[in-house]
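Take a look at the structure below.
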Protein chains: 2
Amino acid sequence: MAQDRIATRRKKLISQLKAQHLDALLVTSVTNVRYLTGFTGDSSWLLIGPKLCVLISDGRYRTQIEEECPGLEAVIRAVDEKMSARAAAELASAKATRVGFEQDVLTIGLYDTISTASKTLELVPTQGAVEQLRQVKDSEEIAEIRIAIGLAERAFAAHRATLRPDLTEREIAHGLEHTIRGLGGVGAAFPPIVAVGDRAALPHYRAGALRVGQSGLLLVDWGAVSAGGYHSDLTRVIVTSKLSPKLEQVYGVVLKAQLAAIAEMGPGVSSRKVDSAARSVIESAGFGKYFSHGLGHGIGLEIHEAPRMSPQGETTLQPGMVITVEPGIYLPGVGGVRIEDDVLITRDGAEVLTSVPKSWESCRVDFV
Amino acid sequence: MAQDRIATRRKKLISQLKAQHLDALLVTSVTNVRYLTGFTGDSSWLLIGPKLCVLISDGRYRTQIEEECPGLEAVIRAVDEKMSARAAAELASAKATRVGFEQDVLTIGLYDTISTASKTLELVPTQGAVEQLRQVKDSEEIAEIRIAIGLAERAFAAHRATLRPDLTEREIAHGLEHTIRGLGGVGAAFPPIVAVGDRAALPHYRAGALRVGQSGLLLVDWGAVSAGGYHSDLTRVIVTSKLSPKLEQVYGVVLKAQLAAIAEMGPGVSSRKVDSAARSVIESAGFGKYFSHGLGHGIGLEIHEAPRMSPQGETTLQPGMVITVEPGIYLPGVGGVRIEDDVLITRDGAEVLTSVPKSWESCRVDFV
């Protein structure tokens with residue numbers, strides 16, 4: 001991990017903290033600690049502010065921190081020393097009294113142990129400070145997401161090429177993850193959704209015991225995690241026999257909606273407007289009530305990150321954001337279609353990073 | 001999931017709540033919700049008390065809750081309704097005012113939204129109420145753990161039988177998980193630790209690019225998750241060429257320590273005494289400072305549960321607890337040995353549930 005990227009992230013955070021008159025931020029989210037240090041372990045807290053930057057960890061991680069975080073000050077607490085006591089001591093020695101914490105991460109129990117460890121600390125709730133920085137990816141992060149997409153796409157190509165009617169949803173899901181790993185990835189970005197026939201109408205389905213040959217429709221929603229920890233997220237439909245004209249129509253509407261949304265994307269555009277571009281195509285076609293979720297979400301070190309694109313979304317798109325675009329139409333008991341790509345906001349528009357074909361004709365797989 | 005088991009768990013919890021004069025407990029831990037309802041989804045809270053038992057969830061989970069939790073009252077909140085507002089309303093309609101919450105799970109942010117949603121609630125921190133119940137497994141849970149052990153052992157046997165010097169640690173780790181899934185398990189209980197040579201001296205190592213043939217020593221720490229969500233956890237050493245007499249000696253000490261600990265286990269015994277039985281064998285042999293972690297931990301719906309067996313452990317063992325016994329000796333730069341089995345406390349002693357051979361001779365694998 002290039003240390004200058006990390007230094008830039010910390011610098012941005014620190015100027016935010018200054019603006020909020022905070023002496024430091026206590027970062028307890030594992031992902032946020034990783035983002036700000038490059039450290040890939042857990043059970044470690046980062047104290048960061050204008051006058052300090054120290055990672056508190058334990059003996060298990062001594063070597064790993066040296067390797068992953070060159071130049072970072074790290075405190076290895078003693079086995080019988082509590083994290084909160086150590087954090088309080090470090091803050092005291094840096095004369096940091098007004099200290100922010102991540103209100104959506106820190107538990108009441110830990111908050112209390114920190115308050116107890118130091119009577120002089122003023123603990124200030126903060127929300128999404130690091131998550132907001134993480135919305136905009138730097139070039140190294142974009143390169144990692146491209147790798148995660150490449151892993152997912154190669155795995156999909158392999159399993160598409162070897163699809164058989166007797167395979168179960170679960171076998172395909174497990175096979176995708178195993179192939180991603182064989183290609184050098186950490187694993188699947190989430191348990192792949194592999195849904196045969198009417199199961200495709202359940203946006204939350206995982207993968208079960210149905211066999212591919214039980215229906216002409218197969219929906220696959222999958223992604224990969226790169227060795228560097230970044231996620232990709234795609235959805236494609238595979239058609240293995242003649243489908244009803246209704247489902248073919250639905251496919252056309254979803255594809256049109258997705259392309260309309262992508263055409264809308266660019267810097268300065270509101271995420272709500274992008275959601276609306278897709279939603280209005282689906283509504284005009286009479287399927288509005290069958291598109292029951294938001295249009296997309298950021299991807300990065302986590303599979304679901306800010307920003308969210310939904311009717312309620314308030315984000316203005318910025319260059320460097322990488323967002324899924326995944327409209328869907330779900331007809332209960334019949335089937336569903338979702339098409340999902342990963343899109344990078346650029347200086348002058350948007351780049352679709354994923355490249356699996358998605359025309360209606362390209363969905364077709366014929367068994368030997 | 002047998003509903004009478006679940007009813008028994010709830011009954012036990014409710015009598016604890018009564019003793020603490022709580023009208024209800026707000027259960028937000030995903031695992032604890034599963035334990036008390038059988039529901040395997042997430043993003044759902046359980047409100048439970050002498051006068052109410054209601055699961056609050058969202059539309060994605062309607063069908064799944066009906067299938068997994070017959071007879072349970074479930075409230076599906078509206079898309080634009082906050083979880084905390086719904087919970088406050090349910091508590092109000094049940095006239096519950098003194099309400100416990102899980103202090104090691106609930107974040108400050110959620111605590112605040114609940115407090116804001118209801119001015120009349122008295123929120124009381126609780127710690128480990130459900131986790132304590134989960135320590136003692138019922139017969140159905142023990143059966144699930146036996147399945148998880150069977151999955152892990154069969155996968156290990158397959159990969160032991162096909163071990164080759166050119167395989168990498170990572171290939172073996174990924175292969176183990178894939179085999180577990182092929183046998184019907186959900187997956188690995190954690191990313192398997194597969195450590196060649198001196199990497200075995202790092203208790204926290206995962207699996208990297210080293211090849212089996214680069215050393216005569218291979219340590220594998222792995223487990224499986226059963227379809228029902230229960231975990232197993234084992235460690236074995238594989239010896240593929242002549243090792244130094246020192247490592248052979250270390251193996252003997254660790255095995256003796258493990259057997260001494262297991263011999264000590266039974267109902268009414270303090271967990272510290274069990275830890276001490278193993279630790280004193282290792283200390284007497286002069287390796288005390290190289291056994292740097294506790295002796296074991298409970299397994300169940302999570303891979304690490306109460307009780308912990310360590311020098312600080314205070315638990316009295318009870319029938320139904322299932323605990324790992326995993327002493328180790330780690331010689332930096334040389335190698336390490338850990339031997340780990342899963343042990344059930346019975347009415348009159350202890351039963352080792354795992355059955356992979358562990359004599360020094362049985363560690364040997366000869367390549368063709």
Side-chain angles (χ1 to χ4, degrees), chain A residues 28-29 40-43 58-64 79-80 101-114 123-128 168 170-171 173-175 177-188 191 201-207 209 227 292-294 310-312 332, chain B residues 28-29 40-43 58-64 79-80 101-114 123-128 168 170-171 173-175 177-188 191 201-207 209 227 292-294 310-312 332:
Chain A
T28 54
S29 148
T40 63
D42 55 24
S43 314
D58 60 64
R60 292 173 301 168
Y61 286 120
R62 191 187 298 274
T63 314
Q64 189 175 334
V79 176
D80 56 354
F101 66 90
E102 298 168 294
Q103 70 166 29
D104 294 331
V105 180
L106 198 70
T107 63
I108 299 278
L110 283 176
Y111 177 92
D112 286 346
T113 65
I114 300 165
L123 290 169
V124 181
T126 70
Q127 191 166 31
T168 66
R170 224 179 258 131
E171 284 164 347
H174 296 164
E177 175 150 51
H178 198 58
T179 304
I180 287 164
R181 288 174 171 169
L183 292 168
V186 169
L202 306 172
H204 202 70
Y205 189 66
R206 289 302 187 194
S292 48
H293 54 73
S310 76
Q312 290 83 39
Chain B
T28 55
S29 148
T40 63
D42 54 24
S43 314
D58 59 65
R60 294 173 299 169
Y61 286 121
R62 190 187 298 274
T63 313
Q64 188 175 334
V79 176
D80 56 355
F101 66 89
E102 299 167 293
Q103 68 165 29
D104 296 331
V105 180
L106 198 69
T107 63
I108 299 277
L110 283 176
Y111 177 92
D112 286 345
T113 64
I114 300 166
L123 290 168
V124 181
T126 70
Q127 190 166 31
T168 66
R170 225 178 257 131
E171 284 165 349
H174 297 162
E177 176 150 50
H178 198 57
T179 304
I180 287 164
R181 288 173 170 168
L183 292 168
V186 169
L202 306 172
H204 202 70
Y205 189 67
R206 288 303 188 195
S292 48
H293 55 72
S310 74
Q312 291 83 38

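Predicted model only: the values in this text are computed from it and were never measured. Scope of the values below: all heavy atoms of this structure, side chains included, with no hydrogens, waters or symmetry mates.
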- Query: Who pairs with A/Val186 by side chain to side chain contact (heavy atoms under 4.5 Å, CB included), at least two apart in sequence or on another chain?
  - Reply: A/Val225

- Does B/Arg170 have any salt bridge (Lys or Arg N to Asp or Glu O under 4.0 Å) partners at least two apart in sequence or in another chain, and if so, which? none

- Message: With chain B as the partner, which of A/Gln127, A/Gln103, A/Gln312 has the greatest number of non-hydrogen pairs under 4.5 Å?
- Response: A/Gln103

- Query: Which heavy atom in B/Asp104 sits nearest to a heavy atom in A/Thr107, and how many Å separate them?
  - Reply: O-CG2, 3.4 Å

- Item | 4.5 Å side-chain heavy-atom contact, B/Arg181 and A/His178 | no

- Task: Could you have a look at B/Arg60, B/Gln64, B/Glu102, B/His174 and say which one has the most heavy-atom pairs with chain A under 4.5 angstrom?
- Result: B/His174

- Query: For chain A, which of B/Asp112, B/Thr63, B/Leu110, B/Val105 has the most heavy-atom pairs under 4.5 Å?
  - Reply: B/Val105

- Query: Between A/Leu106, A/Asp80, A/Leu202, which residue shows the highest count of heavy-atom pairs closer than 4.5 Å to chain B?
  - Reply: A/Leu106

- Message: Counting heavy-atom pairs under 4.5 Å with chain A, which one of B/His204, B/Glu177, B/Glu171 comes out on top?
- Response: B/His204

